[in-house]
Novice: 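This is the structure, below, for whatever I ask next.
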Amino acid sequence: MPRLTFAAVLSTFFALIPLSGLPAFACGPDSDCMLGDRPYRIQMPQGVSNPGAIIFAHGYRGSHLGTMRNKNLRAVADRLGVAFVAVKSYAEDWRIPGTPSDMGTDGAVELLYFDQLVADLGSRHGIDTSRLMLTGFSAGGMLVWQMACDRGDSFAAFVPIAGTFWGEIPQTCATAPANLIHIHGTGDRIVPLEGRPIGQTHQGSVTGALALARRLGGFTTPQPVPAPDLDCTAETAADGALLEVCLHPGGHSVKSAWIERAWQRFEQTGAL
């Protein structure tokens, strides 16, 4: 009887197993999950089934790799018992209306990416897609405001930090921006509260973005709320949705503690 080589034995073994029974290649904090040609990375919590997730959008010229290297952000997710998802822009910057890197974009490429992301988080990782908080810093904060306007029903909560819409504030949204905590430094010179001109465009005004949310969501009567390191005021709509503004005296910065507080705040209101 002829001796079989190892390669022949391996080939025979796989020939007897249907392809549908083979495990998919794993992805996680150290390897990309692919949505077509777009990546993201994910850290899952230990011992938690069907968790919620914090999704973080990086700033200009950032990456999902740099985000996932942030140990403080990952530690926040671990303490909260939720997944941490690091997303990646289409190119150096998020392709949203008004961005100076692509003035002609309508933002469809990012909307498709996030539609696919939400579906993939549920089907591939068992994430509870009713408990997703989208947050981001600087240009990532601008992406968050755009998604709150265009995909308000896809996420339970939004936390833009040091960023708002590019260009003119839209007149209307597909859904009213709600369950949103905006965090900004009064000394921010990179993205000032009222924006600044860049190339052919102008950063949006935080005042204008909040006015849009108030008009569309019916938010009134701001009340101060306690928050370490932040000066916060909150407004509640008739349906219980939250709109909160948190200011600090610093510049263009982000702290993991702010994101942790935001998740806990939305848990208290029942949004998450």
Side-chain angles (χ1 to χ4, degrees), residues 56-64 66-67 70 73 87-111 114 134-152 158-173 176-177 180-217 219 222 227 229-233 235 243-256 258-259 262:
F56 189 92
H58 61 77
Y60 178 58
R61 289 186 173 175
S63 76
H64 62 310
T67 298
N70 189 311
L73 291 175
V87 288
K88 174 66 178 74
S89 60
Y90 180 74
E92 288 186 328
D93 201 0
W94 299 97
R95 290 296 192 260
I96 56 177
T99 179
S101 57
D102 185 359
M103 289 294 293
T105 186
D106 60 1
V109 67
E110 302 297 3
L111 295 180
F114 280 94
L134 179 62
T135 184
F137 171 64
S138 193
M142 295 175 175
L143 179 278
V144 174
W145 264 105
Q146 193 68 50
M147 295 301 295
C149 184
D150 290 334
R151 288 294 187 272
F158 300 88
V159 187
I161 302 171
T164 182
F165 294 99
W166 271 115
E168 295 183 8
I169 305 299
Q171 293 300 305
T172 189
C173 292
L180 185 148
I181 296 176
H182 182 93
I183 304 172
H184 217 110
T186 56
D188 193 334
R189 296 184 179 181
I190 304 300
V191 183
L193 282 166
E194 295 307 316
R196 64 186 176 97
I198 295 181
Q200 303 176 53
T201 189
H202 193 287
Q203 295 166 343
S205 157
V206 172
T207 302
L210 294 171
L212 171 72
R214 291 188 182 102
R215 176 170 57 83
L216 297 180
F219 295 99
D229 301 326
L230 295 169
D231 179 14
C232 298
T233 57
E235 304 170 49
L243 177 66
E244 189 166 297
V245 185
C246 293
L247 302 178
H248 61 88
H252 198 61
S253 61
V254 57
K255 292 183 179 181
S256 60
W258 299 341
I259 296 171

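Only a predicted model underlies this, so the values are computations on that prediction, with no experimental measurement involved.
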Novice: If you apply the rule side chain to side chain contact (heavy atoms under 4.5 Å, CB included), what do you find for Ile96 with Phe165, and how did you get there?
Specialist: CA-CA 9 Å; Ile96 56 177; Phe165 294 99; over 6 Å; no

Novice: Is Thr201 reaching over with its side chain to a backbone N or O of Pro197, donor-acceptor style, under 3.5 angstrom?
Specialist: no

Novice: Please find the pair of heavy atoms, one from Asp93 and one from Glu110, that lie closest to each other, and give the distance.
Specialist: O-OE2, 4.4 Å

Novice: Please test Leu193 against Thr207 for side chain to side chain contact (heavy atoms under 4.5 Å, CB included), starting from the C-alpha separation and ending with a verdict.
Specialist: CA-CA 7 Å; Leu193 282 166; Thr207 302; 5.9 Å; no

Novice: Dump the intermediate steps for side chain to side chain contact (heavy atoms under 4.5 Å, CB included) on Trp258 and Ser253, then the final yes or no.
Specialist: CA-CA 11 Å; Trp258 299 341; Ser253 61; 3.9 Å; yes

Novice: Which pair of non-hydrogen atoms, one from Phe219 and one from Pro177, has the smallest distance, and what is that distance?
Specialist: CE1-O, 3.8 Å

Novice: For a 4.5 angstrom cut-off between non-hydrogen side-chain atoms, does Phe56 reach His64?
Specialist: no

Novice: Just verifying a value: how many Å separate His182 NE2 and Cys232 SG, rounded to the nearest 0.5 Å?
Specialist: 11.5 Å

Novice: Take atom CZ of Arg196 as the centre, draw a 6.0 Å sphere, and report whether it contains more than 12 heavy atoms from other residues, nucleotides or ligands.
Specialist: yes

Novice: In Å and rounded to the nearest 0.5 Å, what is the OG1 to NE2 distance from Thr67 to His58?
Specialist: 6.5 Å

Novice: Minimum heavy-atom separation for Gly163 to Pro160, with atom names?
Specialist: O-CB, 3.9 Å

Novice: Dump the intermediate steps for side chain to side chain donor-acceptor pair (under 3.5 Å) on Ser89 and Arg61, then the final yes or no.
Specialist: CA-CA 9 Å; Ser89 60; Arg61 289 186 173 175; over 6 Å; no

Novice: Find out whether Thr164 and Leu210 are in side-chain contact, i.e. whether some heavy atom of one side chain is under 4.5 Å from a heavy atom of the other.
Specialist: no

Novice: Hey, does the side chain of Glu235 reach the backbone of Leu243 with a donor-acceptor pair shorter than 3.5 angstrom?
Specialist: no

Novice: So, Arg215 side chain and Thr172 main chain: donor-acceptor pair closer than 3.5 Å or not?
Specialist: no

Novice: Kindly give the heavy-atom pair with the smallest separation between Ala139 and Tyr60, and that separation in Å.
Specialist: CB-N, 3.6 Å

Novice: Quick one: pull up CE in Met147 and CZ in Phe114 and give me the separation to the nearest 0.5 Å.
Specialist: 5.5 Å

Novice: Taking atom CD as the centre, does Glu168 end up with more than 12 heavy-atom neighbours from other residues, nucleotides or ligands that are less than 6.0 angstrom away?
Specialist: no

Novice: Looking at side-chain heavy atoms only, is the closest gap between Val191 and His184 below 4.5 Å?
Specialist: yes

Novice: For the residue pair Ala148 and Leu180, what are the closest heavy atoms and their distance?
Specialist: CB-CD1, 3.9 Å

Novice: Heavy atoms only: give me the nearest Ala57-Trp94 pair and the separation to one decimal.
Specialist: CB-CZ2, 3.7 Å

Novice: Name each donor-acceptor pair under 3.5 Å that joins a side chain in residues 245-252 to protein atoms two or more places apart or in another chain, with its distance.
Specialist:
residue : atom : partner : partner atom : Å
His248  : ND1  : Gly250  : N            : 3.1
His248  : NE2  : Gly185  : N            : 3.3
His252  : ND1  : Asp188  : OD1          : 3.2
His252  : ND1  : Asp188  : OD2          : 2.7
His252  : NE2  : Ser138  : OG           : 2.8

Novice: Return the CG to SG distance between Leu216 and Cys173, rounded to the nearest 0.5 Å.
Specialist: 5.5 Å

Novice: Only one of Thr99, Leu143, Thr105 forms a side chain to side chain contact (heavy atoms under 4.5 Å, CB included) with Trp166, so which one is it?
Specialist: Thr99

Novice: Would you compute the distance between atom CG of Leu212 and atom OG of Ser205 and round it to the nearest 0.5 angstrom?
Specialist: 11.0 Å

Novice: Can you check whether Glu244 reaches Pro222 side chain to side chain, under 4.5 Å on heavy atoms?
Specialist: no

Novice: Any chance you could lay out the side chain to side chain contact (heavy atoms under 4.5 Å, CB included) test for Ile259 and Ile161, step after step, and finish with the verdict?
Specialist: CA-CA 9 Å; Ile259 296 171; Ile161 302 171; 3.9 Å; yes

